Protein chains: 2
Amino acid sequence: MNTVSTGFSGPSVCRIAGVTYRQLDYWARTNLVTPSVTAAQGSGSKRVYSYADLIEVRVIKSLLDAGVALPRARQAVNCLRNQIGGDLKSVSLVLSGSNSVLAYSDGEIIDLLKGGHGVFNVISMDSVTADIDTSLAQEVETTENRRLAMA
Amino acid sequence: MNTVSTGFSGPSVCRIAGVTYRQLDYWARTNLVTPSVTAAQGSGSKRVYSYADLIEVRVIKSLLDAGVALPRARQAVNCLRNQIGGDLKSVSLVLSGSNSVLAYSDGEIIDLLKGGHGVFNVISMDSVTADIDTSLAQEVETTENRRLAMA
DNA sequence: AAGTGTAGTTACACCCCTGTCATATAACAA
DNA sequence: TTGTTATATGACAGGGGTGTAACTACACTT
């Protein structure tokens, strides 16, 4: 099932992040989120996603759930990609117009709101990583149950 | 041209708020923003929008520009409609997840950020009314120039 | 080595939203 | 009243994003 050792398969990512396979596939084809461990190589091959990919997928899903359209999510992910691997604790991703910034405190966010003009999109990375981690634990659990059932 | 006295015609609203006629028409037909002074009554008739309508249109445009999808904007406008007519100074419209609320201070916004879960979209009504007022002044000006040209 | 399951690929269709263009008709001017 | 203008309406097309389903091919089991 390849859930943790080398990375995550497409369907695994779908279950963990809560998106449909059709969405994940579309995002891979349009270069929104590509499997950074192993790309697909024709029918029957397997995409393998990294944990960072998983985060990105979840961020996009959160944005979609909040009513943010895909092109905008694209921008958010681009900004995030430069930062990922770094510390995501207590970080918020703030989009204002065509600008993308990372904020490390509520005060920073307020400053951005005051200085800016128009609409701001704010994504708390804490909740994203938290959601992913719990879903991931659940996925591992049910996968092991399946192994038991198979044995 | 009916720009200020009784209200704003459809094309006027388009120019002032910066949306296409097709959008405004679609929004009227789908009950997103309906002309609250006079509804359309067949070909050749005139929709007449109020200033409050103008604000709503501009809010929607700002949300669209920020990548917020139309269904979400629909809900946000519903929240705003209950408050409009009241004081819009130093008010922020906050879309938190699938909920929409109005915040009257930075402190409230911070509370929302802390209490919420995931994604926020924040729009300052100050900037909206400011934009509308300047665009409106410009519209009146060019309209009067047109009158001069016609005379 | 054959068979079974899993996963990627393709084709098709649908809905939402917006653009273009033609048409109809009310509002207004001469 | 008559002609012109402004505006709403209608028909149509097109793109983005997603669902459904059939098909293909790899991987693993036995």
Side-chain angles (χ1 to χ4, degrees), chain A residues 1-3 5-35 37-49 57 60-61 63-65 67-75 139 142-143 146-147 149-151, chain B residues 1-3 5-35 37-49 57 60-61 63-65 67-75 139 142-143 146-147 149-151:
Chain A
M1 186 60 71
N2 251 349
T3 299
S5 54
T6 66
F8 310 89
S9 71
S12 267
V13 170
C14 291
R15 285 189 297 269
I16 299 172
V19 302
T20 68
Y21 184 83
R22 219 61 200 78
Q23 289 178 301
L24 192 68
D25 180 52
Y26 181 70
W27 300 349
R29 292 173 191 277
T30 57
N31 289 318
L32 215 198
V33 183
T34 53
V37 177
T38 308
Q41 294 159 343
S43 282
S45 69
K46 292 188 177 183
R47 296 190 179 106
V48 181
Y49 292 84
V57 170
I60 296 168
K61 179 187 167 43
L63 288 170
L64 288 182
D65 288 347
V68 175
L70 220 39
R72 192 71 172 155
R74 219 170 272 272
Q75 180 192 341
E139 166 78 5
T142 64
T143 299
R146 205 174 310 148
R147 283 197 189 130
M150 284 177 180
Chain B
M1 187 60 71
N2 251 350
T3 299
S5 54
T6 66
F8 310 89
S9 71
S12 267
V13 171
C14 292
R15 284 189 297 269
I16 299 172
V19 302
T20 68
Y21 184 82
R22 220 62 197 78
Q23 289 178 300
L24 191 69
D25 180 52
Y26 181 71
W27 300 349
R29 293 173 191 274
T30 56
N31 289 317
L32 214 198
V33 183
T34 55
V37 177
T38 307
Q41 293 160 345
S43 283
S45 67
K46 291 188 178 181
R47 296 190 179 107
V48 180
Y49 291 84
V57 169
I60 296 168
K61 179 192 167 39
L63 288 172
L64 287 183
D65 288 346
V68 175
L70 216 42
R72 189 73 180 87
R74 210 172 278 271
Q75 188 204 333
E139 166 78 5
T142 65
T143 298
R146 205 173 309 147
R147 282 197 189 129
M150 284 176 178

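The sequence lines fix the lettering, A, B, ..., with proteins before strands; numbering per chain opens at 1. Given the structure is predicted, the values throughout are model-derived calculations rather than measurements.
The side chain of B/Thr20 sits closest to C/dG19 out of C/dG19, C/dT18, D/dA8. Taking only side-chain atoms of B/Lys46, from C-beta outward, the nucleotide of C/dA27, C/dA7, C/dT18 with the closest atom is C/dA27.
In this structure, NZ of B/Lys61 is placed 15 Å from C1' of C/dC17, rounded to the nearest angstrom. Note: CZ (B/Arg15) to C1' (D/dA6) measures 11 Å, nearest angstrom. In this entry the distance linking OH of A/Tyr49 with C1' of C/dG8 reads 10 Å, nearest Å. Rounded to whole Å, atom P of C/dT18 lies 10 Å from atom CD1 of B/Ile60. At whole-Å resolution of the value, CG in B/Leu70 and P in D/dG17 are 15 Å apart. In this structure, A/Leu32 atom CG and D/dT18 atom C1' are separated by 14 Å, rounded to whole Å.
Distances shorter than 4.0 Å separate some side-chain N or O of A/Tyr26 from OP1 or OP2 on D/dG17.
With sequence neighbours excluded, the residues forming a salt bridge (Lys or Arg N to Asp or Glu O under 4.0 Å) with A/Asp65 are A/Lys61, listed by chain and number.
Summary of the strand contacts: A/Gly44 and A/Trp27 both lie near DNA chain D, and taking for each the nucleotide with the nearest heavy atom, the more 5' one is attributed to A/Trp27.
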Filtered N/O pairs between nucleotides 9-15 of chain D and protein, under 3.5 Å:
from	atom 1	to	atom 2	distance (Å)
D/dT9	OP2	B/Arg47	NH2	2.4
D/dT9	O4'	B/Ser43	OG	3.4
D/dA11	N6	B/Arg22	NH2	3.3

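Closest approach of B/Val48 to B/Gly7, counting heavy atoms only: CG1-CA, 3.7 Å.
Overall bending of the helix from C/dA1-D/dT30 to C/dA30-D/dT1, expressed as the angle between end axes built from five pairs apiece, is 0° (10° steps).
Put simply, CG on A/Leu32 and CD1 on A/Ile60 are 4.5 Å apart, with the number rounded to the nearest 0.5 Å. Between the OH atom of A/Tyr49 and the OG1 atom of A/Thr34 there is a distance of 8.0 Å, given to the nearest 0.5 Å.
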